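Let me begin by presenting the structure, written as structure tokens, before commenting on it.
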2 protein chains.
Amino acid sequence: MGVSRSTVIGRPREFDVDEALECAMRVFWERGYEGASLADLTGAMGITKTSMYAAFGNKEQLFRKALERYTEGPASYAARAMEEPTARQVAEALLRGSVRTTTLPGGPPGCLGVQGALASGEGGRPAHDMLVAWRNDATLRVEERFRRAVDEGDLPEDADPRRLARYIMTVAFGIAVQAANGLGRDELQDSADMALRNWLP
Amino acid sequence: MGVSRSTVIGRPREFDVDEALECAMRVFWERGYEGASLADLTGAMGITKTSMYAAFGNKEQLFRKALERYTEGPASYAARAMEEPTARQVAEALLRGSVRTTTLPGGPPGCLGVQGALASGEGGRPAHDMLVAWRNDATLRVEERFRRAVDEGDLPEDADPRRLARYIMTVAFGIAVQAANGLGRDELQDSADMALRNWLP
DNA sequence: GGGTTTCTGTACCGACCGGTTAGGATCGTG
DNA sequence: CACGATCCTAACCGGTCGGTACAGAAACCC
């Protein structure tokens, strides 16, 4: 929206929406939905509450936008992993990407999709549901990719795509928790390798 | 404390401390530390704020007590698993216990130790740190148990107890997240079995 | 029953929560 | 330059947060 208009009427906003969203994403990533107060968010974004409301609507919509940005930014490894030629390589890229992103030097340890709102009070329910859907959706996409692998003969005929996807995502979520525990990249990659070692009989 | 005194002076409290703590534990389990308000907690406990403060000190100490109760109650499978005769059986019991506890019919899905405060704001930091220590401590105890297994000849001489413990706990934490996602007991146990299939070369 | 001790309920505290409103200041356009 | 749209600052909204002060009720000892 607003992109089609060549000449904008009224005073243009003074801050960069993308930059502000990036900052908000990091705060949500670090503190979770309920743990991130409006003061935390707007402080990091460098704008006032009013500007934030004008640009994003409210906290919940800001979180939704931040989650989208996370998906297309730090978590874009997931989409890229789906394009790997074999199911084995998909799984490897998925876990390697989760290890790298949850231990990004410049960012908070862990995964926004996991620690954003695992448990929450009444007010955090929308964010909670959003993330449950996000995680289950990711699992579903892996399942579909594995189903394709069966069709292509890459995976054996009797392989169960849903089971395999569930397993890989379980490990990926575990890695996210361990990253939040402070484990290092090498340690996490080691666990990922172990999980992949018995990949199919 | 208080056990040595046979006759108590003053008015005895009208509620059962253990029962109240049990209720508080379930609220923390379901909503997390920050997501559980004092109103939620005291409402579920069936007492007033004043009584809660008199009996437990404050919210943080209530959480600590609740976590202890969780460790000795729903999560007691972990301590029992350590007494299994072989490392393989320890690992199996650990994952089976985590699957069962995170999908307890009467309780919230997931694990209090994981979703209690994975990410938090400033006020939730003590609880956050408490749980990081809880999870790392659990991993350490598994490592020690596996080290013993190496000493006893149960695990090969070149096995790395720390790596193995890290791997098992990573899967256990992943199971907790998946349980919070709504996955069922059979699905989780299936992933646990897959993780155990490549247990040692 | 008197005295002491501790519990319980109510009412209240300042701080902060997410969210809104009013009023200028500031920009692009005609 | 005037207009219209949007900006920013700042004060403010009711509600809730975790945490207390106080007074009365209830149970024990003597």
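Predicted model, so just to flag it, every value in this text is computed and none were measured.
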Could you tell me which residues satisfy side-chain contact (heavy atoms from CB on, under 4.5 Å) with B:Asp158, sequence neighbours excluded, listed by chain and number? B:Pro156
B:Asn136: partners by side-chain contact (heavy atoms from CB on, under 4.5 Å), with sequence neighbours left out: A:Asn181, B:Val132
Could you tell me how far apart [X] ([atom1]) and [N] ([atom2]) are, to the nearest whole angstrom?
| X | N | atom1 | atom2 | result |
| --- | --- | --- | --- | --- |
| A:Arg31 | C:dG18 | CZ | P | 12 Å |
| B:Ile47 | C:dT8 | CD1 | C1' | 10 Å |
| A:Phe63 | C:dG19 | CZ | C1' | 19 Å |
| B:Leu62 | D:dG19 | CG | C1' | 14 Å |
| A:Phe56 | C:dG19 | CZ | C1' | 16 Å |
| A:Phe15 | D:dT9 | CZ | P | 11 Å |
| A:Leu41 | C:dG19 | CG | P | 11 Å |

Check DNA chain D against residues 119-133 of chain B and give the residues with a non-hydrogen atom under 4.0 Å, in numerical order. none
Check this for me: [X], atom [atom1], are more than 12 non-hydrogen atoms of other residues, nucleotides or ligands nearer than 6.0 Å?
| X | atom1 | result |
| --- | --- | --- |
| A:Arg69 | CZ | yes |
| A:Arg185 | CZ | yes |
| A:Arg125 | CZ | no |
| B:Arg162 | CZ | no |

Modelled atom types, side-chain donor and acceptor of [X] and [Y], under 3.5 Å:
| X | Y | result |
| --- | --- | --- |
| B:Thr71 | B:Glu68 | no |
| B:Ser76 | B:Arg80 | yes |
| A:Gln178 | B:Thr170 | yes |

Can you tell me if the side-chain N/O atoms of A:Ser51 get under 4.0 Å from OP1 or OP2 in D:dC8? yes
Run the salt bridge (charged side-chain N to carboxylate O under 4.0 Å, His left out) test on A:Arg88 and A:Glu92 for me, step by step, so that the C-alpha distance in whole Å, both residues' side-chain angles and the decisive distance to 0.1 Å come before the verdict. CA-CA 6 Å; A:Arg88 160 116 213 152; A:Glu92 282 174 358; 3.0 Å; yes
With the threshold set at under 4.0 Å for non-hydrogen atoms, list the residues of residues 18-29 of chain A touching DNA chain C in residue-number order. none
Quick one: is the NZ or CZ of B:Lys59 closer than 6.0 Å to the six-membered ring centre of B:Tyr33, and within 45° of its axis? yes
Give me the distances for all protein-to-nucleotides 20-27 of chain C N/O pairs that come in under 3.5 Å?
| from | atom 1 | to | atom 2 | distance (Å) |
| --- | --- | --- | --- | --- |
| C:dA25 | N3 | A:Arg11 | NH1 | 3.3 |
| C:dT26 | O4' | A:Arg11 | NH1 | 3.1 |

When you measure from the side chain of B:Trp29 to the backbone of B:Gly110, do you find a donor-acceptor pair of N or O atoms at a distance under 3.5 Å? yes
Please write out the pairs of protein N or O atoms and N or O atoms of nucleotides 14-17 of chain C separated by less than 3.5 Å, giving the distance to one decimal.
| from | atom 1 | to | atom 2 | distance (Å) |
| --- | --- | --- | --- | --- |
| C:dC17 | OP1 | A:Ser37 | OG | 3.3 |

Looking at B:Arg147 and B:Glu143, is any side-chain nitrogen of the basic one under 4.0 Å from a carboxylate oxygen of the acidic one? yes
